[in-house]
Amino acid sequence: MGPPPNLFCFQSIDKELAPNLRRYVLDQQNEALKRHGVFRLAVSGGSLPKTLATALLAPSSGEDDKVEFPKWEVFYADERCVPLDHEDSNHKVMKDELLNKIPSEMGQPKFFPIDEKYLDDEQEMADQYEKVLVNTFAARDSVKLPLFDLILLGCGPDGHTCSLFPDHPLLREQDAWVLSLRDSPKPPPKRITLSLPVVLHASKIGFVATGGGKQPVLKKIFESEEGSKLPCGLVNAGAGDKVSWFCDSAALEGVSFPRRGSVM
Ligand SMILES: O=C1O[C@H](COP(=O)(O)O)[C@@H](O)[C@H](O)[C@H]1O
């Protein structure tokens with residue numbers, strides 16, 4: 001199983017979870033900027049962008065608490081094959097929740113949405129998105145896997161993360177960086193997703209899971225053999241202490257897995 005992930009539990013999302021998530025993201029940003037002058041992040045859609053925006057749009061409290069958006073390169077951990085202005089688009093959620101709300105003096109991150117040209121062919125879409133990663137992270141034959149500084153993930157009520165769903169054959173994919181599916185159990189059915197090896201390779205992986213609707217699956221993931229085989233459980237098992245979970249008390253009610261205090 002590897003070392004256990006860092007599990008943080010907060011009473012309130014806005015007053016406690018978001019500031020701690022901010023500290024965590026900015027620690028990864030500051031380290032990445034020292035390492036290579038750019039912060040490469042992959043983000044999920046769903047409920048994550050709203051909490052992330054609360055974290056990142058808060059006022060800065062000092063030099064090491066500055067969000068350096070112009071030095072960010074932001075990719076999608078998964079995306080639905082729909083137009084970028086469609087309600088189901090993860091990019092649209094990210095734009096509505098975060099990008100469009102960034103004050104102009106902070107500057108904008110560089111975002112890498114899917115190319116709408118390939119909406120009719122999800123495999124081509126995945127191949128094209130993989131090429132974007134190859135162009136960013138170096139040629140496919142010189143690096144085995146792209147190294148994100150941070151990947152921020154959600155956890156679906158069924159234990160899926162990215163668009164990697166429980167028992168889906170894509171979980172076994174070892175070679176491709178970006179995968180396509182046309183049978184997502186959660187609509188819309190056509191999607192692309194980072195592969196599990198790409199997720200596990202990241203420098204740091206942060207899950208954000210909030211609300212009572214996530215409680216049954218979190219209990220399963222942290223406390224049962226069955227849960228450790230769900231996609232989120234596979235990330236815990238494969239990446240161990242590179243993984244942190246930011247949860248609220250509603251999501252962790254009755255979960256007895258050992259928790260950490262705050263990251264600050
Ligand atoms: O379909 C998706 O769901 C997951 C989880 O979303 P949440 O709303 O339950 O937090 C999300 O992480 C993923 O990006 C999205 O495509």
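Indexing begins at 1, ligand by ligand and atom by atom, following the structure's order.
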Closest approach of any protein heavy atom to [atom], naming residue and atom:
{"atom": "atom 4 (C) of ligand 1", "value": "H160 NE2, 3.2 Å"}
{"atom": "atom 8 (O) of ligand 1", "value": "S47 N, 3.0 Å"}
{"atom": "atom 9 (O) of ligand 1", "value": "K214 NZ, 2.9 Å"}
{"atom": "atom 16 (O) of ligand 1", "value": "D78 OD2, 2.6 Å"}

G45 N/O under 3.5 Å from ligand 1 N/O: yes
Is E73 paired with R40 through a side-chain N to carboxylate O contact shorter than 4.0 Å? yes
Is any side-chain heavy atom of N236 closer than 4.5 Å to a side-chain heavy atom of F207? yes
Are side-chain heavy atoms of L133 and L194 found at a separation under 4.5 Å?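 Yes; the side chains approach each other to less than 4.5 Å.
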What part of N90 sits under 4.0 Å from ligand 1 if we count only heavy atoms: the side chain, the backbone, both or neither? side chain
Below a 4.0 angstrom heavy-atom separation, can you tell me which part of E79, side chain or backbone, both or neither, approaches ligand 1?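 For E79, there is no contact with ligand 1 at all, from either part.
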Nearest neighbour of atom 3 (O) of ligand 1 from the list R191, R80, K186, M94, on a heavy-atom basis: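 Among R191, R80, K186, M94, the closest heavy atom to atom 3 (O) of ligand 1 comes from K186.
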Side chain to side chain donor-acceptor pair (under 3.5 Å) assessment of S262 paired with E16: CA-CA 9 Å; S262 72; E16 292 178 31; over 6 Å; no
